Amino acid sequence: MATILKTKNVFLTGGACGLGKGFTDSLLAAAARVIFTDVNRTAAEATEKEFQDKYGKDNVKFIECDVTDGPKFEETFQTAISFLGHVDLMVNNAGMMVESKWERMIDVNYKGVVRGTLMAVEHMRQDKGGKGGRIINISSEAGLKEMIFMPIYGGTKHAVRCFTSCLATAPDVKAQGIEYGTLCPGPVDTDLIRNLDETKIRHSNLMQPERLKERTSSVERLQEAFMKLVLLEEMNKAILYVDSKEENFYEMKANNLGPTWPADSTDLSSQ
Ligand SMILES: NC(=O)C1=CN([C@@H]2O[C@H](COP(=O)(O)OP(=O)(O)OC[C@H]3O[C@@H](n4cnc5c(N)ncnc54)[C@H](O)[C@@H]3O)[C@@H](O)[C@H]2O)C=CC1
Ligand SMILES: CCCCCC(=O)CC\C=C/C=C/C=C/[C@@H](O)[C@@H](O)CCCC(=O)O
């Protein structure tokens with residue numbers, strides 16, 4: 001892939017499977033170097049081997065780390081900086097959807113993203129001697145709308161979107177030299193939505209599996225959307241909603257107080 005990346009040194013959470021694995025694949029194909037973390041060591045080691053064989057041993061490395069473990073996350077991030085020189089793209093992707101494990105879910109989906117973001121900001125900020133960079137946080141369609149099946153999951157994803165947007169619109173954002181973007185996918189065919197039951201969502205008896213199947217995007221489609229975000233000349237404030245019902249990607253139109261997709265870019269499908 002003859003892609004020119006502005007950000008080549010990447011730290012990504014939850015890269016063993018699903019979307020995180022897909023994003024890592026696309027970044028490596030675009031000549032990035034990626035450190036990814038996960039809690040699932042078996043799956044992550046298999047992914048690491050697959051990508052090292054495909055892209056070279058020095059370009060991708062797995063470090064086992066749970067995003068809810070603050071000291072370990074900090075140590076892992078410092079190891080990544082030593083390995084890469086510096087991190088210029090942070091992707092806070094690790095997440096879960098199990099409504100019955102709601103405290104853990106808040107810890108992973110929201111506190112993990114906040115922790116990863118704040119750590120990256122301290123490392124990147126130009127006004128404190130850093131080199132600048134980009135931070136992409138993975139929210140969801142459930143972070144834009146109220147979905148009765150997932151009130152707590154949706155709460156964490158609303159929080160991720162709001163948090164990221166606040167940082168993107170803060171008065172010191174230019175001085176920091178950091179750009180903030182949010183990806184909001186609709187349902188995607190990964191382990192997170194396979195085998196849905198009453199422990200993972202509420203009102204599972206109302207869920208129409210066939211309707212959901214119709215609405216589910218492939219990981220490849222999300223890889224394409226993610227790379228559109230990564231390759232934007234200016235990314236700050238971008239909120240990319242990937243509606244699986246439609247052909248195209250859409251700008252975010254959820255409110256008129258916060259940020260929107262960068263001006264004049266309403267449909268990314270032709271870019
Ligand atoms: N699949 C979907 O329909 C959608 C997913 N998302 C979000 O995309 C992100 C990725 O989800 P998927 O790939 O679908 O799920 P997945 O379950 O396939 O992959 C999630 C990965 O994160 C890892 N992980 C979970 N907890 C962790 C922790 N505490 N520390 C480090 N790693 C951890 C898992 O081991 C797994 O490898 C999540 O934030 C999810 O909420 C957003 C919208 C739709
Ligand atoms: C249940 C999917 C959870 C995926 C987790 C996410 O982050 C994505 C959440 C976004 C959308 C979920 C949509 C769920 C749709 C189903 O309820 C479907 O069965 C109903 C479809 C109704 C319609 O399309 O009008």
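These numbers come from a predicted model, not from an experiment. Counting starts at 1 for both ligands and their atoms, following the listed order.
Near Pro187, meaning under 4.0 Å from one of its heavy atoms, ligand 1 places the atoms 3 (O). Less than 4.0 angstrom separates some heavy atom of Ser140 from each of these atoms of ligand 1: 42 (C), 43 (C). Atoms of ligand 1 lying under 4.0 Å from at least one heavy atom of Asp191, given by number and element, are 18 (O).
If you look at Cys184 next to ligand 1, there are no close heavy atoms at all, none under 4.0 Å. Here Asn93 has heavy atoms under 4.0 Å from ligand 1 in both its backbone and its side chain. At a 4.0 Å heavy-atom cut-off, ligand 1 touches Ile193 through the side chain alone.
Residue-to-ligand polar distances place Lys157 within reach of ligand 1: an N/O pair is separated by less than 3.5 Å. Between Asn109 and ligand 1, not a single N/O pair is under 3.5 Å apart. For ligand 1, the polar-atom distance check against Pro185 finds no nitrogen or oxygen pair separated by under 3.5 Å.
With salt bridges taken as basic N to acidic carboxylate O contacts below 4.0 Å, none links Lys21 and Asp25.
The cationic group of Arg33 lies under 6.0 Å from the six-membered ring centre of Phe83 and within 45° of the ring axis, placing it in a cation-pi geometry.
For Ser139, the heavy-atom gap to ligand 1 drops under 4.0 angstrom.
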